[in-house]
Asker: 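The structure follows.
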2 protein chains.
Amino acid sequence: MASIHDVAKEAGVSVATVSKVINNYPDVSDKTRKKVSQTIKQLKYHPNVAARGLVKGRSWTVGVFVTTSFTNPFVSELLEGIKTALQNSGYDLVLLSTRFDDPNYSFVEHCLSRNVDGVVGFGVARNDPHLEELLESDIATMFVDADIRGRRAGYITTENKAGIMQAVEHLVELGHSRISFISGELDKAVGVLRHEGFMEGMKAHNLSVNPDYVRISDYSMEGGTRAMNDLLALNERPTAVVCTSDMMAFGAINVIHRSGLSVPEDISVIGFDNTYYSEIFSPALTTVNQNIPSIGSHAIETLIAMIENSDFAPSVVTEPSNLVVRCTTAKPRK
Amino acid sequence: MASIHDVAKEAGVSVATVSKVINNYPDVSDKTRKKVSQTIKQLKYHPNVAARGLVKGRSWTVGVFVTTSFTNPFVSELLEGIKTALQNSGYDLVLLSTRFDDPNYSFVEHCLSRNVDGVVGFGVARNDPHLEELLESDIATMFVDADIRGRRAGYITTENKAGIMQAVEHLVELGHSRISFISGELDKAVGVLRHEGFMEGMKAHNLSVNPDYVRISDYSMEGGTRAMNDLLALNERPTAVVCTSDMMAFGAINVIHRSGLSVPEDISVIGFDNTYYSEIFSPALTTVNQNIPSIGSHAIETLIAMIENSDFAPSVVTEPSNLVVRCTTAKPRK
DNA sequence: CTGAAAGCGCTTACAG
DNA sequence: CTGAAAGCGCTTACAG
């Protein structure tokens, strides 16, 4: 690899001058600029990012802090949105590999050693051991789906409450009243908000909530399976269930089918996320849409704004949600 | 951030000595080592990776070159495997953001500026404009599912041919002879090998291949949809179809159902990949299993071996495949 | 408009 | 066993 010295020597100028043309400084004569540019091409010179970063104290790099599996379709679509927004931004994404063999591994120190300019976090619980340290650091951060704020930390999420309320409303309009809710954990904002949405939605229609109908679970298919099994075991089972993820809904529907009942004839099911598979699944899933790739893109865009302008106040962004009615909801049996 | 100088000053030693204890050099007295270690903890010092990389000429970083969407379930599972293997390895993954606004953007130059120690490539076609440059460079590379080799490049793939042959055999045993094949593009090794597998599989059972039954497509659901539409329009339609991805199979099955026929009663369908969703989909998909996460892990492991030992010959690794029979294959109607 | 020099935070011969 | 010094490849006042 040619270095800036090679270019300087070849072009017959100083390294300072080469640096100036690389960085598009105005105080270089056209003649010199041309000569240097030519030499750069000729030598296939490309600035060493580490060296530049060393003096500038940055890395043009954004770290990700994802606590869930990449096979989670939400994460895939989020990453896709992140990738798109990163395109042409000059920043690269780095996946910080956690070192589990080191008992006092610190995500923040890892970011600091790598000089990461910002991080986007997903699936971060309020009690995550790394969270406080991250908020105290001066690393610009955007959380996805967590209402965590800090001096340099903002977040982006979907209209969670409104989304669930729409789902409830849809079921009520179809004539359901024995409505169940498979909630996510209540240690994260998303879980709490969707839970509130359910409660408020029911209240808005003067429906009482049967405590047996509310199950706390995780967002996985297995979680949906388990919760649905419990619900089917009740004396009076619900006629409709609102799930807080598509995966949970898939699990629930499979259980219902396996027990000889059918969706939506016997039980209506609604998901949340509108991931790619909700359309492929059969029956196609009625679900609350979040525009996931756009959440990823916006997270990156505001993160970069925060990085490049330290005055930029950490944003709180809320993306709209809307119900997508497909084939898993219908009127209850008489 | 404390620097090595701060530590040296605080501990009352030289920076050279601090460097030696950081790097576990033996020629440091126990007393000094202890003192320095203590100071490091106290100051929460962590070496700057960029500075270290600058002098060592490396970055402890692996780049990914993925041409498809992250929402592709194969990619998700691959990334998950990669993530696992990276854990505790000391390497971080970097997603090099392509700069489409720059007509002469070069992936290799990007790698060189970032000083990436190695790259794993997926979805790279033989005629990719960046490929030759990459092979000529001295960057250690592992390709996934592409039979590309170079001085510093190896690859890892699944037993593609054998996998398809098993699929054909399964159908023949069920009594099928009008077997169709929805192939991937033939510009990549995977496509060619699976195609060969089909041809050989048919031949092995003395079945002739109806040219109308072989459709070239991409690996997407839309691709499967299109191909299946063509097949259904034939005068004599096949009784079974072997697809080269699960997504294609999902598309094909949806088309079949939409046309009023049923799977597997009217037409048997086999997928390829055994991604997470093949089990969730209903009917659950009969498919050729690839152990995708393990492909990702092995790619990283051999890549790191190549990076750390320049004598390590670029490997060619083949993972086994096996047919997973679920609910989309059955005897043909009489 | 141009360049010499210091410095970013490390590592590594080398001398003692 | 310890440390002074050079150097990795850049950028940035500053002087001219």
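Lettering of chains follows the sequences in order, A, B, ..., and the numbering in each one begins at 1. The shown structure was predicted, so the numbers you read here are calculated from the model rather than taken from an experiment.
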Asker: Give every residue pair that meets the ring-ring contact (aromatic ring centres under 6.0 Å, His included) criterion with at least one member in residues 63-90 of chain B, sequence neighbours excluded.
Answerer: B:Phe65-B:Phe107, B:Phe74-B:Phe122
Asker: Please confirm whether the backbone N or O of A:Glu319 pairs with a side-chain atom of A:Thr158, one donor and one acceptor, at under 3.5 Å?
Answerer: no
Asker: With a 4.5 Å cut-off on side-chain heavy atoms, are B:His46 and A:Leu112 touching?
Answerer: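 They are not in contact (no side-chain heavy atoms under 4.5 Å apart), so the answer is no.
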Asker: Toss me the dot-bracket line for DNA chain D: Watson-Crick and G-U wobble, both under 3.5 Å, 5' to 3', using | for pairs to another strand and [ ] for crossers.
Answerer: |||.||||||||.|||
Asker: Is there a side-chain contact between A:Met142 and A:Ile156 in this structure, where contact means two heavy atoms from C-beta onward sitting under 4.5 Å apart?
Answerer: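 SC-SC contact between A:Met142 and A:Ile156 confirmed.
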Asker: Let's see if you get this right: which residues in residues 30-44 of chain B place a heavy atom under 4.0 Å from DNA chain D?
Answerer: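 The answer is B:Thr32.
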Asker: Check DNA chain D against residues 109-119 of chain A and give the residues with a non-hydrogen atom under 4.0 Å, in numerical order.
Answerer: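 Contacts with DNA chain D under 4.0 Å: none.
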Asker: I'd like to check B:Asp147 versus B:Tyr155 (side-chain heavy atoms, cut-off strictly below 4.5 Å). Are they in contact?
Answerer: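 A side-chain contact under 4.5 Å exists here.
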Asker: Would you say the side chain of B:Arg52 lies within less than 4.5 Å of the side chain of B:Asn23, judging by non-hydrogen atoms?
Answerer: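 The answer is yes, as the side chains (C-beta and beyond) meet within the 4.5 Å cut-off.
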Asker: Has the side chain of A:Asp117 got a donor or acceptor atom that lies under 3.5 Å from a matching backbone atom of A:Val62?
Answerer: no
Asker: Is a side-chain N or O of A:Thr141 found less than 3.5 angstrom from the main chain of A:Ile139, in a donor-acceptor match?
Answerer: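 Confirmed, A:Thr141 side chain pairs with A:Ile139 backbone.
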Asker: Below 4.0 angstrom from OP1 or OP2 of D:dT2, is there any side-chain N or O of B:Ser29?
Answerer: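 True: B:Ser29 side-chain N/O within range (under 4.0 Å) of D:dT2 OP1/OP2.
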Asker: Are B:Thr61 and A:Arg114 close enough that some pair of their side-chain heavy atoms sits under 4.5 Å apart?
Answerer: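 Yes, at least one pair of side-chain atoms sits under 4.5 Å.
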Asker: Using a 4.5 Å cut-off on heavy atoms from C-beta on, say whether the side chain of B:Ile304 contacts that of B:Ser89.
Answerer: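 SC-SC contact between B:Ser89 and B:Ile304 confirmed.
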Asker: Is it true that a side-chain atom of A:Glu301 and a backbone atom of A:Ala85 form a donor plus acceptor pair closer than 3.5 Å?
Answerer: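 No, the answer is negative, given that no donor and acceptor are paired below the 3.5 Å cut-off.
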Asker: Does a side-chain N or O of B:Thr17 approach OP1 or OP2 of D:dT2 to a distance below 4.0 Å, or not?
Answerer: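 It does not, given that no N or O in the side chain of B:Thr17 lies less than 4.0 Å from OP1 or OP2 of D:dT2.
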Asker: How does each nucleotide of nucleotides 4-16 of chain D score, in 5' to 3' order, for protein heavy atoms under 4.0 Å: base (B), sugar-phosphate only (S), or none (-)?
Answerer: B--BBBBBB----
Asker: If you look only at distance, which donor and acceptor atoms sit under 3.5 Å apart when one is on a side chain in residues 307-318 of chain B and the other is two or more places apart or in another chain?
Answerer:
residue	atom	partner	partner atom	Å
B:Glu308	OE2	B:Tyr91	OH	2.8
B:Asn309	OD1	B:Asp311	N	2.9

Asker: Please answer whether the main-chain N or O of A:Ser3 pairs with a side-chain N or O of A:Asp6 as donor and acceptor at a distance below 3.5 Å.
Answerer: yes
Asker: With heavy atoms under 4.0 Å as the rule, sort B:Val49 into base, sugar-phosphate or nothing.
Answerer: nothing
